[in-house]
Amino acid sequence: MSSRTIYDALCAAGLTSEGACGLMGNMMAESSMKPDIAQRGMTALTDGQYTAAADAGTIDFAHDAVGYGLCQWTHPARKAALLAFAGARGVSVGDEKMQVQFCIGEMKRDFPNVWRVLASSHDLYECARIVCIQYERPAVNNIDARHAFAQSLLRQLQGAAERPLPPPDLSVLVLQAVLLGNGYAVETDGRKSAAFFAKLREFTEDMEAC
């Protein structure tokens with residue numbers, strides 16, 4: 001996955017753009033959005049070794065107090081639920097898609113007030129703030145840093161989604177008018193598209209057959 005696919009999954013689940021980016025800004029602050037990351041200073045294992053050990057059941061994943069994953073889950077009950085969720089789906093506990101779905105389900109079930117805000121608010125700061133203080137609950141509420149990450153993500157993701165269309169092309173407008181005048185239904189917006197070229201091929205073939 002990527003920031004785009006995580007964003008799309010969160011929006012598809014019902015979050016506003018600001019809600020999704022407020023949550024992702026917190027993920028960035030917690031884990032740099034790396035799903036298999038283990039809290040540094042809390043284990044001597046590398047991220048890969050820790051993840052493999054969790055999957056194999058050779059460490060006490062739930063109770064070792066090591067923050068893990070996109071949201072740096074740490075509480076024993078939450079880590080146990082994450083591990084069980086991964087096992088039920090037959091994937092690694094470090095699987096990103098699984099963690100996103102776990103986060104969605106956990107928030108809806110156990111943090112409904114946070115979910116309600118993220119699903120309705122267009123206040124990016126409030127979205128980042130409520131995730132920080134009610135869902136993540138770090139030792140230090142560095143809300144401004146999380147908001148800054150959320151702002152960067154929102155600019156990046158909305159900018160990609162809202163890239164302006166190219167300007168109309170006069171030659172395309174002329175060809176579209178010719179097609180339309182000969183009974184070939186086509187958008188007359190002056191822009192190239194698969195539908196435009198399909199109609200143009202159809203028109204050309206019909207003319208050659210005459």
Side-chain angles (χ1 to χ4, degrees), residues 1-37 39 67-75 78-79 81-82 85-86 89 91-168 187 189-195:
M1 296 179 79
S2 65
S3 57
R4 163 57 62 184
T5 50
I6 293 175
Y7 173 81
D8 288 345
L10 294 175
C11 290
L15 299 191
T16 64
S17 293
E18 292 79 7
C21 289
L23 175 52
M24 291 168 66
N26 275 270
M27 290 179 179
M28 185 67 75
E30 292 287 336
S31 64
S32 298
M33 294 182 73
K34 297 177 181 177
D36 63 348
I37 192 170
Q39 185 180 359
Y68 184 77
L70 290 173
C71 297
Q72 289 291 278
W73 289 280
T74 307
H75 190 278
R78 296 175 75 180
K79 288 187 76 180
L82 175 65
F85 192 82
R89 283 151 184 76
V91 299
S92 169
V93 73
D95 183 85
E96 188 172 80
K97 182 177 181 180
M98 177 277 299
Q99 287 189 15
V100 171
Q101 293 306 313
F102 177 80
C103 174
I104 290 169
E106 179 187 52
M107 194 174 287
K108 284 182 173 180
R109 182 184 65 250
D110 300 331
F111 302 86
N113 184 56
V114 178
W115 183 264
R116 179 186 59 77
V117 171
L118 300 188
S120 61
S121 178
H122 295 284
D123 183 333
L124 185 63
Y125 185 87
E126 174 57 19
C127 291
R129 186 194 70 83
I130 198 167
V131 173
C132 178
I133 66 173
Q134 292 191 26
Y135 182 75
E136 291 291 356
R137 293 178 288 188
V140 177
N141 287 331
N142 54 340
I143 298 169
D144 288 346
R146 293 162 190 257
H147 177 234
F149 283 131
Q151 285 179 309
S152 178
L153 286 161
L154 188 64
R155 284 194 297 268
Q156 169 195 332
L157 294 164
Q158 283 198 329
E162 297 174 2
R163 188 172 294 115
L165 292 170
E187 290 287 338
D189 60 0
R191 296 184 177 92
K192 299 174 183 176
S193 67

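Worth knowing before you read on, the calculation uses all heavy atoms, side chains too, and leaves out hydrogens, waters and symmetry mates.
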Salt-bridge contact Arg146-Glu136 (side-chain N to carboxylate O under 4.0 Å): no
Geometric cation-pi criterion Arg89 and Phe85, 6.0 Å radius, 45° cone: yes
Gap separating the CE atom of Met107 from the CH2 atom of Trp115, nearest 0.5 angstrom: 7.0 Å
Check: His147 and Arg129 side chains under 4.5 Å, non-hydrogen atoms: no
Non-hydrogen side-chain atoms of Glu18 and Ser120 separated by less than 4.5 Å: no
Side-chain (Asp123) to main-chain (Tyr125) donor-acceptor, under 3.5 angstrom: yes
N/O donor-acceptor pair under 3.5 Å between Gln72 side chain and Gly69 backbone: yes
Close side-chain approach of Tyr68 to Gln39, heavy-atom, < 4.5 Å: no
Audit row: Leu153, Ser3, side-chain contact (heavy atoms from CB on, under 4.5 Å) steps and yes/no: CA-CA 8 Å; Leu153 286 161; Ser3 57; 4.2 Å; yes
Side-chain heavy atoms of Pro138 within contact of Cys132, under 4.5 Å: yes
Test side-chain contact (heavy atoms from CB on, under 4.5 Å) applied to Ile104 and Gln101, step by step: CA-CA 5 Å; Ile104 290 169; Gln101 293 306 313; 4.0 Å; yes
Polar side-chain atom of Asp36 near backbone of Asp95 as donor-acceptor pair, under 3.5 Å: no
Expected output: side-chain Asn141 to main-chain Arg137 donor-acceptor under 3.5 Å: no
Rounded distance [0.5 Å steps], CG in Asn26 versus OG in Ser31: 10.0 Å
Heavy-atom side-chain proximity of Leu23 to Cys103 below 4.5 angstrom: yes
Test item: Thr16 and Leu118 side chains (from C-beta on) under 4.5 Å apart, heavy atoms: no
Main-chain N/O of Leu157 paired to Arg4 side chain as donor or acceptor, under 3.5 Å: yes
Derivation of the side-chain contact (heavy atoms from CB on, under 4.5 Å) call for Leu154 and Met24: CA-CA 10 Å; Leu154 188 64; Met24 291 168 66; over 6 Å; no
Residues Ser17 and Tyr7: side-chain donor-acceptor under 3.5 angstrom: yes
Non-hydrogen side-chain atoms of Met98 and Leu82 separated by less than 4.5 Å: yes
Minimum-distance pair of heavy atoms, taken over all atoms of Asn113 and Gln134: ND2-OE1, 3.5 Å
Any donor-acceptor N or O pair under 3.5 Å, side chains Gln99, Trp73: no
Cation over ring face, Arg78 and Tyr135, 6.0 Å, 45°: yes
Test item: Lys97 and Pro35 side chains (from C-beta on) under 4.5 Å apart, heavy atoms: no
Ser32 (side chain) donor-acceptor with Lys34 (main chain) under 3.5 angstrom: no
Heavy-atom pair with the smallest gap, counting every atom of Glu126 and Val117: CG-CG1, 4.2 Å
